[in-house]
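The structure appears below as structure tokens.
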There are 2 protein chains.
Amino acid sequence: MEWSCKCHGCEHQMCTNRVPIFSSLSHEEMDAIQSLIIQRTYNKGEVIIKANEPMHAIFILNEGVVKINKRFQDKEQILYLLTENEFFGETNLFAQTNSNMNVIALTKTVLCTISKADFEKLVYKYPSIGLKMLEEITHRLIKTQQLIENTGFKPIDDRIVEMLKEFAPKYGKSAEKGTLIELPLNREELANYLGLTRETISRKLAKMDKEGLIKIIGHKKILLYHSS
Amino acid sequence: MEWSCKCHGCEHQMCTNRVPIFSSLSHEEMDAIQSLIIQRTYNKGEVIIKANEPMHAIFILNEGVVKINKRFQDKEQILYLLTENEFFGETNLFAQTNSNMNVIALTKTVLCTISKADFEKLVYKYPSIGLKMLEEITHRLIKTQQLIENTGFKPIDDRIVEMLKEFAPKYGKSAEKGTLIELPLNREELANYLGLTRETISRKLAKMDKEGLIKIIGHKKILLYHSS
DNA sequence: CGGGCACTTGATAGTAATCAAGTCCGGTGG
DNA sequence: CCACCGGACTTGATTACTATCAAGTGCCCG
């Protein structure tokens, strides 16, 4: 069954139909939620949210890629990379009122937003949304715990491979000998995602290229061989 | 107003009355919940939960201290240290069925448990419990994100001081020149909490003692001076 | 009070950060 | 379409730390 999109200016499938948070709702209920949604577009490089600034909405990514980071003394730590159908702002819905992170558009980005107040009303009206939200936040918690595990346990080389494997399904295309990944981050950002420096990532990638694990193609692509 | 405890063998205030998850409920409702609670006692050093084993309950710490860790190739990473009135098992309520961590009693520990099935029923009956749970899980998520921030940004010395400051209110007693902390962890565990080695922690603490930031008292106590 | 185990201390090596030049990609303009 | 320019990337040399390996020391418990 096809449903038209009531979300203003939206050329895609309904936002609400694409995210797991609302998956348990009927189409009629989703239609009702559509009216609460405000859509906004950001350009590549634009700052969507600044740390320590008030934030009173939940954001669903309709299109594009964003990075979520923290900064401290000219150092950057990238925590998450989110893309279509993922959401952010969850920590501000139920706990804090100010963002504790920055959100930056890495590409042209289209966001659907629902205000905190509206979302809370929804949770009361449809308790199943609250349970779905619990699931989603729990998954993010588990993912964040795994992040700690990785930085604590795994050697750097392994972590780079894991990062590339994480990118593969999202930013890669299947090629003859492996997956051709269109990197969403530059070298410095790759480093900041793993807690390293630009130079170290550069050297490690060069080494892995020499060893035949990957093939570096220009500055923006990496071929990840099947065997890796 | 005083309430007697119906939780079998409990010499304390009602478990349910002490944790924020149930704080919005009336005393009558709490009484009802009491009947769902099973209490169990663990000895120092006992393994409460093993990673990869099924886990179908939420656990509230009534008494004692537990560490929650992950292991990989004889390495240990301690993620959380929980004490009275805190809870664990939340990731298994709404997402996974097997624990992804170990839980070990560091002291004699008394736990109140509510089965996953019972807890889910409670959430449906009292939606406010679900919202409280969202808050609590969100707080744990925020704390976990800060953990990453710390390991990524802060120099080791600062992280040690922060750890001691985190211990101070829970395991410390106010003394003349500062806070006397009864360490809940041995040196190796302190190291595993910060992602370092036994020797490094030992050296750093010795240095900080020499610098007058702290005073090491035997193996189990540290005096954290006010100025730190 | 004595023994064992946790802790400390020392020496060395390995690894990534830092500092410093070069090189090359990729976008722009002719 | 090609040449050029600038910024991103690479590579090299050195330094700084922490892990590792190894040997004492001393606290704490029985």
Side-chain angles (χ1 to χ4, degrees), chain A residues 43-45 67 72-78 106-107 150-161 163-164 180-211 213-223, chain B residues 43-45 67 72-78 106-108 150-160 163-164 180-211 213-223:
Chain A
N43 292 322
K44 179 175 176 174
K67 71 172 175 183
F72 181 71
Q73 291 175 353
D74 82 356
K75 285 179 193 167
E76 174 190 40
Q77 174 68 245
I78 298 179
L106 294 179
T107 64
N150 285 342
T151 55
F153 291 144
K154 309 280 179 69
I156 292 179
D157 294 52
D158 294 15
R159 278 160 56 200
I160 294 175
V161 171
M163 177 178 69
L164 293 176
L180 184 64
I181 298 167
E182 194 90 24
L183 293 171
L185 303 174
N186 62 30
R187 293 292 188 274
E188 184 152 19
E189 288 171 318
L190 290 175
N192 293 340
Y193 194 42
L194 297 177
L196 306 172
T197 60
R198 191 172 62 246
E199 296 95 325
T200 299
I201 272 282
S202 199
R203 273 186 260 268
K204 292 286 181 185
L205 287 176
K207 197 194 68 173
M208 291 166 70
D209 186 311
K210 215 171 277 174
E211 290 170 355
L213 285 168
I214 61 173
K215 182 161 180 60
I216 299 173
I217 300 163
H219 287 167
K220 298 187 164 172
K221 288 179 191 168
I222 286 181
L223 179 63
Chain B
N43 293 321
K44 179 175 173 172
K67 71 172 176 183
F72 181 71
Q73 292 175 351
D74 83 356
K75 284 179 194 167
E76 174 190 41
Q77 173 68 245
I78 298 178
L106 294 179
T107 64
K108 183 198 164 200
N150 286 340
T151 56
F153 291 144
K154 310 280 178 72
I156 292 181
D157 294 54
D158 294 13
R159 279 159 56 199
I160 294 175
M163 177 178 69
L164 293 176
L180 183 64
I181 298 168
E182 194 90 24
L183 294 170
L185 302 174
N186 63 30
R187 292 292 188 276
E188 183 152 20
E189 288 171 317
L190 290 176
N192 293 340
Y193 194 42
L194 298 178
L196 306 172
T197 60
R198 193 172 60 246
E199 295 95 325
T200 299
I201 272 282
S202 200
R203 273 186 259 267
K204 292 287 183 186
L205 287 176
K207 197 194 67 172
M208 292 167 70
D209 186 310
K210 215 171 275 174
E211 290 170 354
L213 285 168
I214 62 172
K215 182 162 180 57
I216 299 173
I217 301 163
H219 286 169
K220 298 188 164 175
K221 288 178 190 168
I222 286 182
L223 179 63

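Letters go in sequence order (proteins before strands), and every chain restarts at 1.
We find that CG of A/Leu205 is positioned 11 Å from C1' of D/dT10, with the value rounded to whole Å. In this structure, B/Glu188 places its CD atom 14 Å from C1' of C/dT8, rounding to the nearest Å. Per the geometry, CD belonging to A/Glu189 stands 9 Å off P belonging to D/dC9, to the nearest Å. For A/Asn192 and D/dA8, the CG to C1' distance is 14 Å, given to the nearest whole Å. Between the CG atom of B/Asp74 and the P atom of D/dA19 there is a distance of 14 Å, given to the nearest Å. Taking atom NZ of B/Lys207 as the reference point, atom P of C/dT9 lies 14 Å away to the nearest angstrom. Whole-Å rounding puts the B/Leu183 CG to C/dC7 P distance at 9 Å.
A pairwise comparison of heavy atoms in B/Glu182 and B/Lys221 identifies OE1-CE, 3.4 Å as the closest pair. When all heavy atoms of B/Leu190 and B/Met163 are compared, the pair lying nearest together is CD2-CE, 3.7 Å.
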> How does protein reach along nucleotides 16-21 of chain C, written 5' to 3' as B (base within reach of a heavy atom under 4.0 Å), S (only sugar-phosphate), or - (no contact)?
Replying inline: SSBB--
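At a threshold of 4.5 Å between non-hydrogen side-chain atoms, the residues B/Glu199 and B/Arg203 count as touching. Two residues are said to be in side-chain contact when any heavy atoms from C-beta on lie closer than 4.5 Å; B/Ile156 and B/Leu194 fail this criterion. When side chains are defined from C-beta on, B/Gln77 does not count as touching B/Phe72, because their heavy atoms never get closer than 4.5 Å.
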Between N or O atoms, less than 3.5 Å apart, protein on one side and nucleotides 26-30 of chain D on the other: list the pairs.
from: D/dC28; atom 1: OP1; to: B/His219; atom 2: N; distance (Å): 3.0
from: D/dC29; atom 1: OP1; to: B/Lys220; atom 2: NZ; distance (Å): 3.2

